[in-house]
Amino acid sequence: MDTGLLVLRLLVGLLIAGHGVQKISTHLGGRGLAAGSEEFRADGFRGGALTALAAGAGQIGSGLLLAAGLLTPLAATGAIGVMTVALTVKRPHGLWVQNDGYEYPLVLIVSAAALAATGPGAWSLDRLIGLTPYPLWWTVPVLAAGIGSGLLTRLALHRPAS
């Protein structure tokens, strides 16, 4: 089980962090902060560069914390929050990713929630510094805070369609 949790944490965490790097830089195939800002504006968000920086930093931070298995409930909350925003953007296109749908953000949300429910496993920084095991009930506030923060972000920063 610990090997599976390590693999899941590394895959999900590093993918989320990499996605954040792409938003704000030219690394990992990104097009830079200006392009990330334009992507947010095209999706109907206010804030431009500040919005792109906040989203990128949230993805990088939560992704790296998940990968390391450090402060796992907080990391899962952050990942769920940023991916909830992405899901709301993709939702009008339906589920499947080939139609620019929300399949990928949904998989990352559920994976982060699963890590909050199971904990990071034995090969984690949480275990090394004595923070685990986390109680199962933490999953409920993690989901509520993650989904709630994503929806509030969408509400606060998204411009209504004209």
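Numbering of residues begins at 1 and proceeds along the displayed sequence. Every value quoted in this text rests on a predicted model; they were computed, and no experiment measured them.
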Would you say Ser37's side chain and Ala49's backbone share a donor-acceptor pair under 3.5 angstrom? yes
On a heavy-atom basis, the closest approach of Tyr102 and Arg91 is CD2-CA, 3.7 Å
Residue set satisfying ring-ring contact (aromatic ring centres under 6.0 Å, His included) with Tyr134, at least two apart, ordered chain then number -> Trp138
- Query: Counting distance only, does the side-chain N/O of Ser25 pair as donor-acceptor with the main-chain N or O of Gln22 below 3.5 Å?
  - Reply: no
#### Entry: Arg46 CZ: over 12 foreign heavy atoms closer than 6.0 Å
yes
Checking the side chain of Ser124 only, and the main-chain atoms of Pro120 only, is there a donor and an acceptor separated by less than 3.5 Å?
no
Is the side chain of Gln59 donor-acceptor paired with the backbone N or O of Ile16 at a distance under 3.5 Å, no angle test? no
| field | Side chain proximity check, Ile60 to Ile24, heavy atoms < 4.5 angstrom | value | yes
Check: Under a 4.5 Å cut-off applied to non-hydrogen side-chain atoms, are Val12 and Leu66 in contact?
Finding: yes
*asked:* When you group the ILVMFWY residues by side-chain heavy-atom contacts below 4.5 Å and let the links chain together, are Leu74 and Val142 in the same group?
replied: no
Next on the checklist: When you measure from the side chain of Arg154 to the backbone of Val85, do you find a donor-acceptor pair of N or O atoms at a distance under 3.5 Å?
Outcome noted: no
Quick check: does any side chain N or O of Asp126 sit under 3.5 Å from a backbone N or O of Leu131, one acting as donor and the other as acceptor? no
- Query: Can you tell me if Arg41 uses its side chain to pair, donor with acceptor, with the backbone of Gly47 under 3.5 Å?
  - Reply: no
Between Thr72 and Leu115 the two heavy atoms that sit nearest each other are CG2-O, 3.9 Å
| query | Going hydrophobic residue to hydrophobic residue with side-chain gaps under 4.5 angstrom, can you get from Leu108 over to Leu151? | reply | yes
key: Arg159 side-chain N/O to Phe45 backbone N/O, donor-acceptor pair under 3.5 Å   = yes
